[in-house]
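Here is the structure we will look at.
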Protein chains: 2
Amino acid sequence: MVAATPRRQPTLDEVAERAGVSRSAASRVINKAPHVSRATREAVERAIKEMGYRPNRTARALATRQTGIIALAVSHDDPELFADPFFAQVIVGVSAAIEDTDLHLLLCLASSGRGRSRLMNLLHARGVDGIMLMALHGDDPLTSIVAQAGLPAVHGGRPLHGEPQWFVDSDNLGGARLATEHLIALGRTRVVTITGQMFTQVGEARYRGYREAMIMAGLVPHGTAEGDFTEAGGAAAMKTLLDLHPDLDAVFAASDKMAAGALRVLSDAGRSVPADVAVVGFDDLDIAERTDPPLTTVHQSIQALGKEMARMLIGLIGGQEPTSIVLPTRLVRRDSA
Amino acid sequence: MVAATPRRQPTLDEVAERAGVSRSAASRVINKAPHVSRATREAVERAIKEMGYRPNRTARALATRQTGIIALAVSHDDPELFADPFFAQVIVGVSAAIEDTDLHLLLCLASSGRGRSRLMNLLHARGVDGIMLMALHGDDPLTSIVAQAGLPAVHGGRPLHGEPQWFVDSDNLGGARLATEHLIALGRTRVVTITGQMFTQVGEARYRGYREAMIMAGLVPHGTAEGDFTEAGGAAAMKTLLDLHPDLDAVFAASDKMAAGALRVLSDAGRSVPADVAVVGFDDLDIAERTDPPLTTVHQSIQALGKEMARMLIGLIGGQEPTSIVLPTRLVRRDSA
DNA sequence: CCCACGCCTGGAAGCGGTCCCAGAAACACT
DNA sequence: AGTGTTTCTGGGACCGCTTCCAGGCGTGGG
């Protein structure tokens with residue numbers, strides 16, 4: 001037998017009764033609606049305090065058709081991908097943005113087909129007020145699922161070839177251009193690049209930035225190898241590039257991890273950085289400070305990205321007109337270039 | 001003007017009407033309740049399909065008093081702490097556990113006072129069915145908030161000095177003992193330890209494991225320095241220990257990061273690892289493979305921890321009797337010991 | 001003095017489901 | 001044919017809140 005009944009939360013009716021007013025009056029007080037006399041307000045407020053009343057979220061949601069919950073969906077085939085600190089940063093940013101609203105964050109790892117259908121259900125069942133999508137590749141079914149549900153949605157990062165949607169993204173193109181221009185300003189002319197996967201929007205944009213900077217400077221792109229954003233991939237790409245273009249004097253790697261791999265390979269090949277070869281990365285992860293030599297790289301604020309996504313979503317839910325946002329990136333100079 | 005009205009989701013009433021049955025009948029079909037004739041079931045199922053009906057989550061929640069949402073709350077003073085991959089792993093584990101239920105995961109970063117009060121509201125407002133708590137230090141107000149809300153709750157990691165609660169935890173004590181025994185088995189007798197903060201349960205348990213193993217082997221704990229689980233802290237502690245006990249021949253560091261710091265200091269001091277000094281870490285993070293030499297360490301599965309927490313919470317919500325769980329740890333041998 | 005107009009108020013109809021219950025229909029058995 | 005049992009059915013009362021609306025009560029102007 002349980003000793004004490006786990007006392008039910010008081011309801012609005014009970015509060016109203018105790019305050020000696022109608023439920024509607026009590027409701028008005030709680031929602032700070034106009035047309036409430038001072039006496040009524042005070043009576044209700046006292047009752048609320050005395051009874052420890054909290055409006056039931058679910059009931060309110062049913063009546064207002066607003067759940068007070070927004071979802072962050074991370075869609076990818078590999079659930080392990082979520083372990084990338086990237087997402088943790090996004091979450092920190094989102095949390096900061098909703099910190100002083102009464103919204104809450106629902107997290108959906110929609111990797112498997114199962115996960116996607118769960119998410120689909122959630123959206124159609126009106127379980128959330130809006131959704132933030134991340135890590136979609138071009139033709140992710142989620143895009144259309146979300147569109148079909150007719151819910152406010154914002155994308156983190158631009159879909160590669162999607163219908164026009166509202167998104168928040170880092171300025172990958174501008175950042176890559178910045179990096180490349182920096183290398184050129186250093187007097188390097190035989191600048192090569194290690195790209196990310198070209199079927200991702202990020203990979204493509206960073207490559208385009210490199211290319212544009214080279215062309216604007218009257219140089220020809222000196223060499224390109226596709227990596228996969230990982231350290232191993234960067235190392236492999238660097239080897240290829242050294243073989244094909246032994247005269248290279250600078251490398252723009254589209255991610256810090258790839259840059260780290262490249263640095264290792266360069267050092268093994270006896271090229272000194274930055275004297276022989278200057279290297280710039282992208283992302284400004286923690287590791288950028290710990291490579292040898294410390295990596296000059298392009299900084300992007302992932303927290304800011306999360307924050308802006310959430311802000312934008314809140315705006316959309318509130319009926320605001322959407323506008324896409326591109327967040328600035330900036331060069332962080334260390335020793336590798 | 002908007003072109004087309006964003007058609008409302010159909011309701012159960014509409015489905016029932018279309019199927020030519022009562023709402024109760026339709027509800028029974030949806031919930032696979034008994035006492036439904038074949039004809040009724042088929043008619044309703046057809047109507048559902050044709051209209052694309054999905055039961056409204058909120059309405060159902062109100063009626064059943066079950067939201068279908070569980071919360072994971074991470075409480076800590078520093079919001080940046082969440083960036084630690086640890087939590088991402090927990091989340092992956094939790095997600096795996098709820099993958100084939102229709103539960104969803106709400107994430108609360110309750111660092112600030114503001115965050116805590118939001119969480120408190122959520123719980124009292126019956127916004128979730130249960131909660132998983134992480135990263136509390138001893139007297140975190142969350143503990144009592146949760147208890148007071150009378151909601152199913154499970155702790156990740158044992159509270160340091162809390163009332164008896166239900167928890168899932170890695171076997172920190174056993175793991176530390178394992179590590180220390182390994183060092184002793186190697187013939188080392190002057191084994192020192194770098195502990196985590198002793199006001200954390202983890203720090204305390206890992207220290208106790210070290211101590212017990214030493215005593216069981218008839219040795220006396222040779223030296224102890226308190227770190228803070230970080231690389232810098234580990235390095236500082238290692239310096240202290242070298243000063244105080246220049247004759248040490250083995251180190252058990254209570255985290256891989258601290259071990260990494262210690263390795264650096266040892267190398268700078270001209271001690272070779274493992275020849276002069278054997279080192280064992282704890283956690284088996286990615287970095288353990290990349291230290292020089294690769295780190296022998298104690299492996300714990302964080303994903304499993306998350307998974308078990310979620311399973312346990314689901315059980316509690318279902319009315320099961322709670323049982324705490326201690327997850328096994330195991331030694332991973334690399335080159336440092 | 002009467003009426004129009006303002007602020008407050010409580011009643012009641014919702015939001016979209018679940019679930020209890022009484023009764024109808026179908027079947028088996030004396 | 002009458003009775004009992006079982007299966008199926010729809011009516012309706014909830015869950016706890018918001019919100020519309022009609023009416024009560026003061027005011028001030030005509």
Side-chain angles (χ1 to χ4, degrees), chain A residues 7-45 47-48 51-69 102 121-129, chain B residues 7-45 47-48 51-69 102 121-129:
Chain A
R7 229 187 69 275
R8 242 182 59 272
Q9 292 282 336
T11 71
L12 186 56
D13 277 300
E14 291 162 6
V15 168
E17 185 179 2
R18 173 150 191 156
V21 301
S22 73
R23 178 178 42 197
S24 349
S27 175
R28 263 174 239 128
V29 171
I30 288 167
N31 298 307
K32 304 193 194 313
H35 308 310
V36 175
S37 72
R38 188 184 157 126
T40 300
R41 177 157 33 79
E42 285 173 352
V44 172
E45 278 167 354
I48 288 178
M51 309 178 72
Y53 169 80
R54 311 281 173 125
N56 179 306
R57 248 186 123 76
T58 307
R60 186 181 291 212
L62 183 59
T64 61
R65 296 138 168 284
Q66 291 263 311
T67 62
I69 299 178
D102 61 348
N121 243 307
L122 183 71
L123 299 182
H124 279 108
R126 287 292 182 270
V128 297
D129 294 342
Chain B
R7 230 185 69 274
R8 245 180 59 271
Q9 291 281 338
T11 71
L12 186 55
D13 277 301
E14 292 163 5
V15 168
E17 185 179 0
R18 171 149 192 157
V21 301
S22 73
R23 179 180 38 198
S24 343
S27 176
R28 263 175 241 128
V29 171
I30 288 166
N31 297 308
K32 304 195 193 309
H35 308 310
V36 176
S37 72
R38 188 184 155 125
T40 300
R41 178 158 31 79
E42 285 174 353
V44 172
E45 279 168 353
I48 289 178
M51 309 178 73
Y53 169 79
R54 313 281 174 125
N56 180 308
R57 247 185 124 76
T58 306
R60 182 177 284 192
L62 182 59
T64 60
R65 298 140 170 284
Q66 291 264 311
T67 62
I69 300 178
D102 60 348
N121 243 306
L122 183 71
L123 300 182
H124 279 107
R126 288 290 182 270
V128 296
D129 294 341

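Chain letters run A, B, ... following the sequence lines, proteins first, then strands; residues in each count from 1. The structure presented is a predicted model; accordingly, all values stated were derived computationally and were not measured.
A/R57 CZ to B/H124 NE2: the interatomic distance, rounded to the nearest 0.5 Å, is 14.0 Å.
Residues B/I30 and B/R60 have side chains in contact (heavy-atom distance under 4.5 Å, counting atoms from C-beta outward). The closest side-chain heavy-atom distance from A/N121 to B/D102 is not below 4.5 Å. Annotation: side chain of B/T58 is not in contact with side chain of B/T67 (no heavy-atom distance under 4.5 Å).
In this structure, the NE2 atom of A/H35 is 9 Å from the C1' atom of C/dG6, given to the nearest Å.
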Distances under 3.5 Å between nitrogen or oxygen atoms of protein and nucleotides 22-27 of chain C:
none

Which is it for B/M51 and B/R18 under the side chain to side chain contact (heavy atoms under 4.5 Å, CB included) test, yes or no, and what are the steps along the way? CA-CA 9 Å; B/M51 309 178 73; B/R18 171 149 192 157; 3.6 Å; yes

Could you walk me through whether B/R38 and B/E45 pass the salt bridge (Lys or Arg N to Asp or Glu O under 4.0 Å) check? CA-CA 10 Å; B/R38 188 184 155 125; B/E45 279 168 353; over 6 Å; no

Per-nt protein contacts along nucleotides 11-22 of chain D (heavy atom under 4.0 Å; B base, S backbone sugar-phosphate only, - none) come out as BBB-BBBBB---

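Within the 3.5 Å criterion, the main-chain N or O of B/T11 finds a donor-acceptor partner in the side chain of B/E14.
Checking the phosphate oxygens (OP1, OP2) of C/dT9, a side-chain nitrogen or oxygen of A/T40 falls inside 4.0 Å.
One side chain, B/S37 or B/T40, offers a donor N or O that lies under 3.5 Å from an acceptor on the other.
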